[in-house]
Participant: 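Input: one structure, supplied below.
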Amino acid sequence: MAVALVVVAAGVSLGLWMATGGDGGSAAPEARSSQGRTAAPTPSPSRSYALSEAPRTIPAVRDHTPARGPGWQPEDGNRVVVDDPALADEGRLVAGELGLTYAGEKNDDRAGDLRLTLGGDKKANPESYVMTVRDGRVEISGSADAGVFYGTRTLKQEVHDGGTAPEGVVRDEPAKAQRGFMLDIARKNFTAGWIEDRVRELGDLKFNQLGLHFSDDQGFRIESDSHPEIVSRQHLTKAQVRKIVELAESRHITVVPEIDSPGHLGAVLDAHPDLQLRTAQGSAVQGAIDISKAESAEIVDDLLNEYAGLFPGRPWHLGGDEYQALVRSDPEASFPQLAAAARDKYGSGATVADLTTGWLNDRAATVRENQRTPRAWNDGFFRGTSVKAGKDIEVAYWTGKEIGAREPAEYLSAGRKVINYNDEFLYYVLGEPQTFVYPTGQRIYEQWTPRVLRGTAAVPERYDGQILGGSFAVWCDLANSQTEDQVAAGIRMPLRATVQKLWDPGEPQLSWTEFRALANRLD
């Protein structure tokens, strides 16, 4: 089997795509027709067509078997047909995007058809797909609807702006199962329409997670029925969130909510000042809730249970970072109420760090009861505590700057699963406070891989299987530093570079200059 060079592409502008490709050709020997249909006869190879070239897409396809033939372009009257009613949504979407007719379930073959099928190896990666272009038709098959959807994204890019899907067979799948974009809507109010635009962009780029950090010191941005008193004036209604979630689901994107605790709860505490953590001298601690009080757990659990009905996906981000009680040199002396609560709950030698770990475990238990998988920031895990964080709590590794910072390998060697949020490469912090600078697509493209969890050094390859994926993040520390449009423009190339490295962490075939040029052509 001849394997074409893997190529990288970048740049998508909300549904506008193109791709370059060589001339098409006759069917590759690996191409197969769907069961239950009579395949059209395969013509003998023609010398009138050059051997096809691999498509240039975002992310780059991982394997292309070239062939000779004219390739495929969408034309008026062409049909999108499916072999399974489960693919109706994917079929209608791509038909509308390419100006084709959605014909539903059909067993006959017609010239120009785009056929979507389910089948093949049921043990295959559910996000993998095979796309066969031959005889003026296209077939996209996968073991699950997600893979078929990604095949339609590849095709959409190939034919953008008059391009041709090259003859031959594409076999493609992602290296990492979690490919995310996280958005801080707590510090900065983003409109529902802007978020929906990002969902469409992410879907075409083959991202599959959208994180929403919607509670922090500066705001609580989603309507609440259980605690309406905490909601900021500017916020998303539940109806708007449902629309975002439904749009995301149609693009095979899971929306991952985050209510950060026990720190970053300033908006909640503004309405409940009696729950704010105070020092032994009575000074209030910004954003920190008093975890020695039963009412603190009750209000956070109320919110976790309420929003479980709004966000149906399994992942749930619990935060856990930057609890200010633990930045003091002697937390037990500074917060005697926390020290007493720790001893009462966990024994005479227990510390404030034990109590904080217990808080994380209790919140994880709440989301588990809602069939969710918990994750927390790496600085919400502590060394040397008698209370250990639940083994199933995934580590969102973002920094190595916290007090008592630990190398990523320490989490990995303990068997934990990790998601890469490396703040050196993947943090777009509005206003560039402290030491942050806006990340560039070029730096991500040339220097970062999912194994680069902290700084610029990669962890050993033996840990690769424990790294579930990664997420590019927008944080709005200085919210007015950029408009929504400026944020969208600023993250455009970093998003494309990030998903390329999550889909295939190997050395890209295109240079950065070529990658950027392709991105511009795809807009």
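Both backbone and side-chain heavy atoms feed into the values below; hydrogens, waters and symmetry mates do not.
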Participant: Looking at Asp113 and Lys106, is any side-chain nitrogen of the basic one under 4.0 Å from a carboxylate oxygen of the acidic one?
Facilitator: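 No.
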Participant: When you measure from the side chain of Tyr397 to the backbone of Thr399, do you find a donor-acceptor pair of N or O atoms at a distance under 3.5 Å?
Facilitator: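 Side chain of Tyr397 to backbone of Thr399: a pair is present.
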Participant: Is the count of non-hydrogen atoms from other residues, nucleotides or ligands lying under 6.0 Å from Asp225 atom CG greater than 12?
Facilitator: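 More than 12 within 6.0 Å, yes.
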Participant: Do Leu265 and Val300 come within less than 4.5 Å of each other through their side chains, counting heavy atoms only?
Facilitator: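 Touching, per the 4.5 Å side-chain cut-off.
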Participant: Mind checking the CG-OG1 spacing from Asp84 to Thr117? Nearest 0.5 Å is all I need.
Facilitator: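 Answer rounded to 0.5 Å: 9.0 Å.
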Participant: Ala271: which residues meet the side-chain contact (heavy atoms from CB on, under 4.5 Å) condition with it, sequence neighbours left out?
Facilitator: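 Scan of Ala271 (side-chain contact (heavy atoms from CB on, under 4.5 Å), adjacent residues dropped) gives Glu229, Ile230.
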Participant: Quick one: side chain to side chain donor-acceptor pair (under 3.5 Å) partners of Arg375, sequence neighbours excluded?
Facilitator: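 Testing Arg375 for side chain to side chain donor-acceptor pair (under 3.5 Å), a comparison that skips the adjacent residues, returns Gln178, Gln209, Tyr421.
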Participant: Identify all side-chain donor-acceptor contacts of residues 471-482 below 3.5 Å with residues at least two apart in sequence or on another chain.
Facilitator:
unit_1 : atom_1 : unit_2 : atom_2 : d
Ser471 : OG     : Gly180 : O      : 3.4
Ser481 : OG     : Leu478 : O      : 2.9
Gln482 : OE1    : Tyr428 : OH     : 2.9
Gln482 : NE2    : Tyr428 : OH     : 3.1

Participant: Does Trp377 form a side chain to side chain contact (heavy atoms under 4.5 Å, CB included) with His317? I'd like the steps, not just the answer.
Facilitator: CA-CA 8 Å; Trp377 299 113; His317 207 314; 3.4 Å; yes
Participant: Salt bridge check: are Asp172 and Arg62 linked by an N-O gap of less than 4.0 Å?
Facilitator: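 No.
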Participant: Is Glu201 salt-bridged to Arg198, going by a charged N under 4.0 Å from an acidic O?
Facilitator: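 Counted as a salt bridge, because a side-chain N and a carboxylate O are separated by less than 4.0 Å.
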Participant: Taking Leu236's backbone N and O only, do any of them form a donor-acceptor pair with Arg221's side chain (distance below 3.5 Å, no angle check)?
Facilitator: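 A pair under 3.5 Å: no.
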Participant: Is Lys293 atom NZ crowded by more than 12 heavy atoms from other residues, nucleotides or ligands, each under 6.0 Å away?
Facilitator: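 Counting neighbours around NZ of Lys293, more than 12 heavy atoms of other residues, nucleotides or ligands fall under 6.0 Å, so yes.
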Participant: Looking at residues at least two apart in the chain, or sitting in another chain, which of them share a side chain to side chain donor-acceptor pair (under 3.5 Å) with Trp316?
Facilitator: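 For Trp316 there are no side chain to side chain donor-acceptor pair (under 3.5 Å) partners, ignoring immediate neighbours.
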Participant: Could I get the full list of salt bridge (charged side-chain N to carboxylate O under 4.0 Å, His left out) partners for Asp216, not counting sequence neighbours?
Facilitator: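 For Asp216 the salt bridge (charged side-chain N to carboxylate O under 4.0 Å, His left out) partners, ignoring immediate neighbours, are Arg187.
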Participant: List the residues meeting side chain to side chain donor-acceptor pair (under 3.5 Å) with Asp464, not counting sequence neighbours, and say none if there are none.
Facilitator: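 Result, side chain to side chain donor-acceptor pair (under 3.5 Å) vs Asp464: Lys176.
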Participant: Hey, are Arg115 and Asp83 close enough for a salt bridge, meaning a charged N less than 4.0 Å from a carboxylate O?
Facilitator: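 Looking at Arg115 and Asp83, the cut-off is met.
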Participant: Just by distance, do the side chain of Ser261 and the backbone of Gly263 share a donor-acceptor pair under 3.5 Å?
Facilitator: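 Pair absent, no side-chain N/O of Ser261 close to backbone of Gly263.
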Participant: Go through it in stages, so that I can follow the logic: the residues are Trp72 and Leu155, the test is side chain to side chain contact (heavy atoms under 4.5 Å, CB included), and I'd like the CA-CA distance, side-chain angles, deciding distance and then a yes or no.
Facilitator: CA-CA 10 Å; Trp72 182 88; Leu155 182 65; 3.9 Å; yes
Participant: If you take all heavy atoms of Gly287 and Asp217, which pair is closest and at what distance?
Facilitator: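 Closest heavy-atom pair between Gly287 and Asp217: CA-OD1, 3.3 Å.
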Participant: Residues two or more places apart in sequence or in another chain: which of them pass side-chain contact (heavy atoms from CB on, under 4.5 Å) with Ala364?
Facilitator: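 Result, side-chain contact (heavy atoms from CB on, under 4.5 Å) vs Ala364: Leu318, Arg368, Pro374, Ile393.
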Participant: According to salt bridge (Lys or Arg N to Asp or Glu O under 4.0 Å), does anything in residues 309-323 pair up with another residue at least two apart or in another chain? List the pairs.
Facilitator: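 Not a single pair qualifies under salt bridge (Lys or Arg N to Asp or Glu O under 4.0 Å).
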Participant: Who pairs with Val245 by side-chain contact (heavy atoms from CB on, under 4.5 Å), at least two apart in sequence or on another chain?
Facilitator: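 Partners of Val245 by the side-chain contact (heavy atoms from CB on, under 4.5 Å) criterion, ordered by chain and then number, come out as Val241, Glu249, Val255, Phe311, Pro312.
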Participant: Sequence neighbours left out, what passes side-chain contact (heavy atoms from CB on, under 4.5 Å) with Asn208? Give chain and number order.
Facilitator: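 Applying side-chain contact (heavy atoms from CB on, under 4.5 Å) to Asn208 gives Glu127, Tyr150, Arg179.
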Participant: Would you say Asn78's side chain and Leu100's backbone share a donor-acceptor pair under 3.5 angstrom?
Facilitator: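 Side chain of Asn78 to backbone of Leu100, a donor-acceptor pair under 3.5 Å: no, none is there.
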Participant: Does Glu424 come within less than 4.0 Å of Lys401, counting only side-chain N to carboxylate O?
Facilitator: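 No, this pair does not count.
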Participant: What residue pairs, at least two apart or across chains, pass salt bridge (Lys or Arg N to Asp or Glu O under 4.0 Å) with a residue in residues 297-312?
Facilitator: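 Salt bridge (Lys or Arg N to Asp or Glu O under 4.0 Å) check on residues 297-312 returns Lys238-Glu306, Asp301-Arg363.
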Participant: Side chains of Phe190 and Glu484: closer than 4.5 Å at any heavy-atom pair?
Facilitator: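 SC-SC contact between Phe190 and Glu484 confirmed.
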Participant: Enumerate the ring pair (Phe, Tyr, Trp, His ring centres under 6.0 Å) contacts for residues 251-271, please, sequence neighbours excluded, ordered by first and then second residue.
Facilitator: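 Ring pair (Phe, Tyr, Trp, His ring centres under 6.0 Å) check on residues 251-271 returns Phe149-His252.
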Participant: Taking Arg451 for the side chain and Thr449 for the main chain, is one N or O donor matched with an acceptor at less than 3.5 Å?
Facilitator: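 Absent.
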